[in-house]
Amino acid sequence: MKAIVITRPGGPEVLQLQERPRPVPAAHEVLIKVKAIGLNRSDLGLREGKYGGALVNGVVPGLEVAGEVVEVGASAPRWGVGDQVCALLTDGAYAEYAAIDARHCLPVPAGWSLEEAASLPETTFTVWSNVFQMAALQPSETVLVHGGSSGIGLTLIQIATALGNKVLATAGTADKCRDCEKFGAARCVNYKEEDFEQAFKEEKINVILDMVGGDYTAKNLRLLAPDGRLQYINAMNGPKVELSLLDIMTKRLRLSGSMLRPRSAEFKAALAAEVEKHVWPLAASGQLKPVIYKTFPLAEAAKAQELMASSEHIGKILLVNEG
Ligand SMILES: NC(=O)c1ccc[n+]([C@@H]2O[C@H](COP(=O)([O-])OP(=O)(O)OC[C@H]3O[C@@H](n4cnc5c(N)ncnc54)[C@H](OP(=O)(O)O)[C@@H]3O)[C@@H](O)[C@H]2O)c1
């Protein structure tokens with residue numbers, strides 16, 4: 001089969017289309033003929049060697065796919081040949097076939113195409129575990145998401161809006177802000193033109209999902225209402241921060257964060273079941289819609305990653321296998 005391989009840590013040019021043996025599913029796995037692959041920001045970090053340098057040599061990247069089940073392991077009874085599924089992986093998605101833990105696969109939601117379903121696993125799993133499980137967003141509460149137009153941001157905006165929360169967002173252009181509001185945000189601030197702390201200072205913000213870190217941290221702490229929760233999923237402006245412990249003590253704030261990729265197979269299986277229970281009905285009812293910015297053939301993975309690095313996009317970028 002064809003697969004995109006990281007030949008060494010570096011820029012997009014280190015991604016090469018190569019022939020690889022088709023994976024053989026273990027007893028607990030299914031083999032999926034991959035139709036589409038969702039790109040994620042961490043695919044860029046993996047390629048650059050941020051998570052382990054030379055360890056990435058020869059790795060097939062990619063965290064999520066959608067496709068058709070073509071082989072079923074002996075202990076994977078839920079699925080049958082021909083089922084259409086989307087799934088979360090640790091790596092190996094940028095390929096024509098992938099062998100995946102059967103518990104990390106979910107059915108393609110009603111009304112979604114196979115391609116669209118490839119945009120679901122990483123964003124829905126991350127949003128559900130961070131915002132609804134760890135930060136325990138309650139129905140009457142307000143949530144602020146930075147990077148509102150990212151795949152993650154638009155997923156949170158739609159899910160939380162559907163569940164009755166007020167959602168606020170920040171994003172870097174007027175077009176991105178317009179889309180955040182179109183998908184449900186009560187207000188999106190263009191942080192390049194307005195100080196988000198000033199803009200939101202009258203709001204009672206209970207939860208903030210942050211991927212920026214750096215100088216956002218002190219502002220986030222000042223913005224949070226008493227008993228607020230600040231949840232980190234990245235630190236794109238830097239992980240070393242200065243903050244006031246007084247804000248935390250006086251308002252009883254809680255700071256936490258998580259990374260999905262290194263979590264155990266058991267954790268991901270339990271999370272998949274929760275996501276299917278709570279989020280899949282929203283996808284089937286149209287309250288959660290796919291937001292696909294652009295698709296590229298698998299062979300053009302480097303171009304797709306360049307587009308993601310430019311941050312021009314709104315929503316998800318996909319790779320697609322033809323035929
Ligand atoms: N911890 C986890 O388990 C986990 C899982 C999935 C994703 N994530 C993280 O969640 C974030 C969103 O993921 P995604 O794949 O949906 O990303 P994405 O679509 O590439 O969007 C990221 C957006 O963040 C905004 N941004 C704000 N500050 C930035 C900065 N300093 N550098 C670059 N971009 C900046 C950019 O838009 P504007 O600046 O124009 O607004 C950019 O479009 C990423 O940081 C990713 O690593 C974490």
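For the single chain, residues carry numbers from 1 onward in sequence order. Remember, it's 1-based here, ligands and their atoms both numbered in the order they're listed.
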Exercise for the section: Run the numbers for me: atoms of ligand 1, each under 4.0 Å from some heavy atom of Met211, listed by number. Expected result: 11 (C), 12 (C), 45 (O)

Practice task
Heavy-atom contacts with Lys176 under 4.0 Å: which atoms of ligand 1 show up? List them by number with element.
Solution key: 37 (O), 38 (P), 40 (O), 43 (O)

Exercise for the section: Mark the output for Glu312 as yes if a heavy-atom distance to ligand 1 is under 4.0 Å, and as no if none is. Expected result: no

Practice task
Please determine if Glu197 and Arg222 form a salt bridge, counting it only when a charged side-chain N lies under 4.0 Å from a carboxylate O.
Solution key: yes

Handout entry: Which residue and heavy atom of the protein sit nearest atom 30 (C) of ligand 1, plus the separation
Key = Met236 CB, 3.7 Å

Problem - Closest protein heavy atom to atom 6 (C) of ligand 1, given as residue, atom name and distance to 0.1 Å - result: Glu122 OE2, 3.2 Å

Handout entry: Ion pair check, Lys166 and Glu203, cut-off under 4.0 Å
Key = yes

Handout entry: Check ion pair Lys2-Glu19 (N to O, under 4.0 angstrom)
Key = yes

Exercise for the section: Without swapping roles, check the side chain of Asn165 against the backbone of Val167 for a donor-acceptor pair under 3.5 Å. Expected result: no

Completion exercise
In terms of its nearest heavy atom to atom 19 (O) of ligand 1, the top option of Arg41, Glu64, His313 is His313

Handout entry: Residue-ligand contact Tyr232/ligand 1, heavy atom below 4.0 Å
Key = no

Handout entry: Location of contacts on Thr126 toward ligand 1, heavy atoms closer than 4.0 Å
Key = side chain

Practice task
Please could you name the atoms of ligand 1 that Ser258 approaches to less than 4.0 Å, counting only its heavy atoms?
Solution key: 1 (N), 2 (C), 3 (O)

Fill in the blank from the handout: For Asn40, the atoms of ligand 1 under 4.0 Å from one of its heavy atoms are 15 (O)

Practice task
Please could you name the atoms of ligand 1 that Leu260 approaches to less than 4.0 Å, counting only its heavy atoms?
Solution key: 2 (C), 3 (O)

Handout entry: Residues clustered with Val70, ILVMFWY side-chain links under 4.5 angstrom
Key = Met1, Leu31, Tyr97

Fill in the blank from the handout: Logged contact type for Lys316 with ligand 1, heavy-atom cut-off 4.0 Å, is neither

Practice task
Give a yes or no on whether the backbone of Ser42 and the side-chain of Arg47 come within a donor-acceptor separation of less than 3.5 Å.
Solution key: no

Practice task
May I ask you to list the atoms of ligand 1 that are less than 4.0 angstrom from any heavy atom of Ser311?
Solution key: 34 (N), 36 (C), 42 (C), 43 (O)

Handout entry: N/O separation below 3.5 Å, Tyr191 to ligand 1
Key = yes

Exercise for the section: Compute the minimum heavy-atom distance from Thr173 to ligand 1 and say whether it is under 4.0 Å. Expected result: no

Practice task
Identify which of Ile152, Asn130, Thr123, Asp43 has a heavy atom lying nearest to atom 7 (C) of ligand 1.
Solution key: Ile152

Practice task
Not counting sequence neighbours, list each pair that qualifies as a side-chain hydrogen bond (donor to acceptor under 3.5 Å, both in side chains) and has a residue in residues 120-130.
Solution key: Thr123-Thr155, Asn130-Gln231, Asn130-Ser258

Handout entry: Protein contact of atom 22 (C) of ligand 1 - nearest heavy atom, named by residue and atom, plus distance
Key = Ser150 CB, 3.7 Å

Exercise for the section: Starting from atom 41 (O) of ligand 1, find the nearest protein heavy-atom neighbour and note its residue, name and distance. Expected result: Gly172 N, 2.8 Å

Practice task
Classify the contact between Asn234 and ligand 1 as side chain, backbone, both or neither, using a heavy-atom distance cut-off of under 4.0 Å.
Solution key: side chain

Practice task
For the pair Glu181 and Lys176, find out whether any cationic side-chain nitrogen is under 4.0 Å from an anionic carboxylate oxygen.
Solution key: no

Practice task
Could you tell me whether Arg261 approaches ligand 1 through its side chain, its backbone, both or neither, with non-hydrogen atoms closer than 4.0 Å?
Solution key: neither

Exercise for the section: List the closest protein heavy-atom neighbour of atom 10 (O) of ligand 1: residue, atom name, distance to the nearest 0.1 Å. Expected result: Ile233 CD1, 3.3 Å

Practice task
Just jot down the ligand 1 atoms closer than 4.0 angstrom to any heavy atom of Met308, in number order.
Solution key: 20 (O)

Problem - Presence of salt bridge, Asp91 and Arg261, under 4.0 angstrom - result: yes

Problem - Sidechain-backbone polar pair: Glu141 side chain, Gln138 backbone, donor-acceptor under 3.5 Å - result: yes

Exercise for the section: Check for a donor-acceptor pair, side chain of Lys303 on one end and backbone N or O of Glu300 on the other, with a separation under 3.5 Å. Expected result: no

Practice task
Give a yes or no on whether the backbone of Val69 and the side-chain of Asp83 come within a donor-acceptor separation of less than 3.5 Å.
Solution key: no

Practice task
State whether the side chain of Thr161 and the backbone N or O of Gln158 hold a donor-acceptor pair below 3.5 Å, judged by distance alone.
Solution key: no

Practice task
Could you tell me the residue and atom name of the protein heavy atom closest to atom 31 (N) of ligand 1, and the distance to it rounded to 0.1 Å?
Solution key: Asn237 OD1, 2.7 Å

Handout entry: Atoms of ligand 1, numbered as shown, that sit under 4.0 Å from any heavy atom of Gly151
Key = 16 (O), 19 (O)

Handout entry: Any donor-acceptor N/O pair, Glu116 side chain to Ser113 backbone, under 3.5 Å
Key = yes

